[in-house]
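We use all heavy atoms of the structure for the numbers below, so side chains are in, but hydrogens, waters and symmetry mates are not.
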Amino acid sequence: MTEKTAAEKTVAETATGKKAAGKKAAEKKTAAAGKAVTKKAVTAKTTTKKAVAKKAGTKKAVAGKAVAAKRSVAREAPPAGPLEVALSPALDADDRERLLHGTHHQPHAVLGAHPAPGGIVFRAFRPYARSVAVVTGDLRAELHDDGDGFFSGLLPLREVPAYRLVVAYEDTVQETEDPYRFLPTLGDLDLHLIGEGRHEELWTVLGAHPLTHQGVSGTRFCVWAPNARAVRLAGAFNFWDGIGYPMRSLGSSGVWELFVPGIGEGELYKFDITRPDGSRTQRADPMARRTETPPATSSVVEASHYEWGDEEWLARRGERPAHEAPLSIYEVHLPSWRPGLTYRQLAEQLPAYVRELGFTHVELMPIAEHPFGGSWGYQVTGFYAPTARLGTPDDFRFLVDALHRAGIGVLMDWVPAHFPRDDWALAEFDGRTLYEHEDPLRAAHPDWGTLEFDYGRREVRNFLVANAVYWCEEFHIDGLRVDAVASMLYLDYSREPGQWTPNEHGGRENLDAVAFLQEMNATVYRRVPGVVTIAEESTAWDGVTRATHHRGPSGFGGLGFGLKWNMGWMHDSLEYMSHEPVYRRYHHGEMTFSMVYAYSENYVLPISHDEVVHGKKSLVSKMPGDWWQQRANLRAYLAYMWAHPGKQLLFMGQEFAQGAEWSEEHGPDWWLLDPAYGAEADHRGVRELVGDLNSVYRSTPALWERDTSADGFAWVVGDAADDNVLAFLRRDADGTPLLAVSHFSPVVRHDYRLGVPDDIPAWYEVLNTDAGRYGGSDVFHPDPVKPEPQPWHGHPASIRLTLPPLSTVWLRPA
């Protein structure tokens, strides 16, 4: 705690008892000053001239001593020793009232030091202070007490010196810099880019930034609040009373700024905003890079000191485009993966676990700060701050770095679709709609009780585009999975007729959201090579993963994403698997329909957290039959998924067949893998399969190299509905195939004939989900399988296989 803090605290504690006395004392001083002015009114000009001349003479007399003492004064030094100031140039009534009531937009214009006829005017606004003096070099001048915390004086100086203030409180004296002597910390270019909505590094100018300004260490505070009548800074350093810390408006930009000397990292703060109607609200910083741990809501001054060690990872992550590279994703909710662990503790366990399983990436559910843990991070209030629940921003950097050094990419769920209505956050931030749309029908999200961003406002669009860049550049995030894209794209999303207004062309498309997503994707891909953006988009919107400059049949350019979640495949395949095998023949098309549109976009096949909560059951519990059949169905399904065109995503806990739904309160049921548990082998067998799936997948280019090309896939048999069999070939860029055969029936089929190319001399089994070590019945092919010259399924040759029950088998050329 600084001296100033202690002083103000002391005064604040005694303010109630001494308020009346203080007021009378201030009135007496004011009255005395008024009498002095009245007495000298007739000869005011003459007196002033004599006073100035006298001071000037005194100044010349001590000039030599001033030079010898090396006083810090601009060009010409003031006289040595105590200096009696001229008549107090107190603020006029209007400025006083505006500062007292938090409606002054230019405090620097009246506070601080300013040239004036007869010298330099010094004014300070220090509520609760008993006296204020100006100190420059070895000279000191007491300012007049003008009442209500205002102090002023006219010193006979030719130019504004470098000075400090000595502020005396009831039992403490503090020497400090005057925040109102500093020039603005933002330049014209920054303000121009903010106004244009094109500042791609917005986080470097808005928010709180410790820095050295005009040779003095402190923190620059900047906030965009164009509708505010005034903004003041409140924090732990002033006992959350911003009256003495008014910020200045930087013209038409809507930005308010204040450099506060002596304030550094770790300080808590908020912005005290006076709304257009005169009411006040304290708000967290929208650009805060660190926050208090919820439920506390203050912003925290932050500066990173982390030294990265992932240069090798960053250098090679862009060698292949994501859609042509192996990409299997382990989705993680960090607070519940191992409940109670911090970012740094997670860094000791998560990379090793994911590496053992063979996943190429982790996808972190939203880690931006959010007030309600039950939202899983999808209702964000701190868009620029990793959640403080698990540690500091540098701690989060440590985790990302550890994952990279283990060879694991980091994707992050990003939520630009909406934000909560908390009255300390973004909602009506400066007293009017600002981040949200001004039309209530456009602002209110119908599903989640939240507010939608106004993508048509350039500053809001800039806030979000810069945020996407921020996570990738500042935290080395390798990709953003963008949440709820469908809700952004359609004006009538979850709305009934009469609850939405068509766009300018009469359509249902949100043209502002389309433009925002295009700008975000184009900016991220241009600035951060090697990253990927992924859309959670559940409709048939044309061109989600098409380049933004390529127009499609709808007339729109592509949205510019790298990948898109294949929600259709997920729903159809899980629906098929939920049926008893005897009924699956009637639903066979649900497993083949995905290939009709498989190459319309670049797809991820997601089995995400959304599918294993809220009564939907865990993945293994969705499967029919007894416990053995459930696990066999799950294993067959996972291998079918890994062989299907598209990338894979699996939510934590499903890799070891957790039977219960996921809960953020306790996370995965790790006890199922405890050797002391009787059924541990059943769960460990599924986890071993997932590890082997990833291992074979990564070493087999046929499974990922041509994911987005129809040349990489060919049906062997897709219509064997009565047999519950699906078989297809995957090919890499050189034409080397992998044969995947899924058999979703609980019987063994002997000598099952499948057509194959005639240029492969033999096939051998590289993966079989019925293997005994996975918990299966161990029906497998120990020897290579040789084709016969009998055409079958449209191929010139064929092989005969024994199909294990409820299984998927992969075969490669011998």
- Query: Taking the side chain from S279 and the backbone from R275, do they hold a donor-acceptor pair closer than 3.5 Å?
  - Reply: no
- M412 versus I367: any side-chain heavy-atom pair under 4.5 Å? yes
- Message: If you define the side chain from C-beta out and look only at heavy atoms, does anything of T381 sit under 4.5 Å from F419?
- Response: no
- Note on the structure: Tested for side-chain hydrogen bond (donor to acceptor under 3.5 Å, both in side chains) against R280, the lone hit among T103, D272, T274 is D272
- Message: Any salt bridge linking E196 with R458? Criterion: basic side-chain nitrogen under 4.0 Å from a carboxylate oxygen.
- Response: no
- Spacing of CE belonging to M247 relative to CD1 belonging to I273, to within rounding of 0.5 Å: 9.5 Å
- Message: Within this structure, what is the CD-OG distance for the pair E363 and S608, rounded to the nearest 0.5 Å?
- Response: 8.5 Å
- Donor-acceptor pair between H404 and E311 side chains, under 3.5 angstrom: no
- Task: Check the side chains of D285 and Y384 for a donor-acceptor pair under 3.5 angstrom, ignoring hydrogens and angles.
- Result: no
- Task: Taking the side chain as every heavy atom from C-beta outward, state whether Y455 and H437 have any atom pair closer than 4.5 Å.
- Result: no
- Message: Determine whether a donor-acceptor pair (N or O, by modelled atom type, separation under 3.5 Å) exists between the side chain of H199 and the backbone of L189.
- Response: no
- Message: Testing the 3.5 Å rule here: is there a donor-acceptor pair between the side chains of Y378 and D413?
- Response: yes
- Could you tell me whether the side chains of W313 and D478 share a donor-acceptor contact shorter than 3.5 Å? yes
- Mark yes or no for whether D148, through its side chain, and F150, through its backbone, hold a donor-acceptor pair below 3.5 Å. no
- Go through the side-chain N and O atoms of D394 and T392 and say whether any donor and acceptor fall under 3.5 Å apart. no
- Message: I'd like to check E436 versus R442 (side-chain heavy atoms, cut-off strictly below 4.5 Å). Are they in contact?
- Response: no
- Query: What pair of heavy atoms forms the shortest contact from V216 to P261, and how long is it?
  - Reply: CG1-CB, 3.8 Å
- Query: Are R98 and H105 close enough that a side-chain donor and a side-chain acceptor fall under 3.5 Å?
  - Reply: yes
- Task: Please examine the side chains of V300 and R289, heavy atoms only from C-beta on, and report whether any two atoms are closer than 4.5 Å.
- Result: no
- Does the N462 side chain pair with the main chain of R457, one donor and one acceptor, at a distance under 3.5 Å? no
- Can you check whether G235's main-chain N or O pairs, donor with acceptor, with N238's side chain at less than 3.5 Å? yes
- Message: Could you check whether atom CZ of R355 has more than 12 heavy atoms from other residues, nucleotides or ligands sitting under 6.0 Å from it?
- Response: no
- Message: Please check this pair: side chain of S494 against backbone of D447, looking for a donor-acceptor N/O pair closer than 3.5 Å.
- Response: no
- Message: Salt bridge or not between R181 and E177? Use side-chain N to carboxylate O under 4.0 Å.
- Response: yes
- Note on the structure: Between M488 and D483, the two heavy atoms sitting closest are SD-O, 4.3 Å
- Task: Evaluate the ring planes of W448 and H445, with Trp represented by its six-membered ring, and classify them as parallel (under 30°), tilted (30 to 60°) or perpendicular (over 60°).
- Result: parallel
- Task: Taking the side chain as every heavy atom from C-beta outward, state whether P184 and F259 have any pair of such atoms under 4.5 Å apart.
- Result: no
- Query: What about Y128 and Y169, are their ring centers closer than 6.0 Å?
  - Reply: no
- Message: F463 vs F383, test: ring-ring contact (aromatic ring centres under 6.0 Å, His included). Steps then yes/no.
- Response: CA-CA 9 Å; F463 173 81; F383 280 81; 5.8 Å; yes
- Do W376 and E664 have side-chain atoms, one donor and one acceptor, less than 3.5 Å apart? yes
- Query: So, W256 side chain and A225 main chain: donor-acceptor pair closer than 3.5 Å or not?
  - Reply: yes
- Message: Assess, by modelled atom type and distance only, whether the side chains of E438 and T433 contain a donor and an acceptor separated by less than 3.5 Å.
- Response: no
- Could you state the interatomic distance from CG (N521) to CZ (F516), rounded to the nearest 0.5 Å? 8.5 Å
- Query: So W337 and W670, ring-ring contact (aromatic ring centres under 6.0 Å, His included) or not? Walk me through it.
  - Reply: CA-CA 9 Å; W337 185 74; W670 296 109; 5.4 Å; yes
- Taken to the nearest 0.5 Å, the spacing of L399 CG from D395 CG works out to 9.5 Å
- Query: Side-chain donor-acceptor pair under 3.5 Å between R344 and T342, yes or no?
  - Reply: no
- Indicate whether the side chain of S304 and that of E474 have a donor and an acceptor atom separated by less than 3.5 Å. no
- Message: Side chains of Y435 and E459, heavy atoms from C-beta outward: is any pair under 4.5 Å?
- Response: no
- Over all heavy atoms of both residues, which pair between F475 and P393 is shortest? Give the atoms and the distance, please. CE2-O, 3.6 Å
- Verdict with supporting geometry, E257 and R220, salt bridge (charged side-chain N to carboxylate O under 4.0 Å, His left out): CA-CA 7 Å; E257 181 259 8; R220 174 185 70 201; over 6 Å; no
- Out of curiosity, D430 CG to N227 CG, how far, rounded to the nearest 0.5 Å? 4.0 Å
- Heavy atoms of E369 and V380 approach each other most closely as O-CG1, 3.4 Å
- Item | CA sep, side-chain torsions, deciding dist, call: I243, F125, side-chain contact (heavy atoms from CB on, under 4.5 Å) | CA-CA 9 Å; I243 186 172; F125 182 33; 3.8 Å; yes
- Query: So, H476 and D401: side-chain donor and acceptor under 3.5 Å apart, yes or no?
  - Reply: no
- Task: State, with a plain yes or no, whether a side-chain heavy atom of W424 is found less than 4.5 Å away from one of K270.
- Result: yes
- Message: Under a plain distance cut-off of 3.5 Å, with no hydrogens placed, do H609 and E331 share a side-chain donor-acceptor pair?
- Response: yes
- State, to 0.1 Å, how close G215 and T212 come at their nearest heavy-atom pair, and which atoms those are. C-CG2, 3.7 Å
- Item | Spatial distance of atom CZ (R283) from atom OG (S299) [nearest 0.5 Å] | 12.0 Å
- Message: Using a 6.0 Å distance limit plus a 45 degree cone around the ring axis, check whether R481 lies over the aromatic ring of W565.
- Response: yes
- Query: Would you find a donor on one side and an acceptor on the other, under 3.5 Å apart, between the side chain of R421 and the backbone of G449?
  - Reply: yes
- Query: Can you say whether the rings of F271 and F221 are parallel (under 30°), tilted (30 to 60°) or perpendicular (over 60°)?
  - Reply: perpendicular
- Passes side-chain contact (heavy atoms from CB on, under 4.5 Å), T219 versus E265? Steps please. CA-CA 8 Å; T219 296; E265 296 175 47; over 6 Å; no
- Task: State, to 0.1 Å, how close S298 and W240 come at their nearest heavy-atom pair, and which atoms those are.
- Result: OG-CH2, 3.2 Å
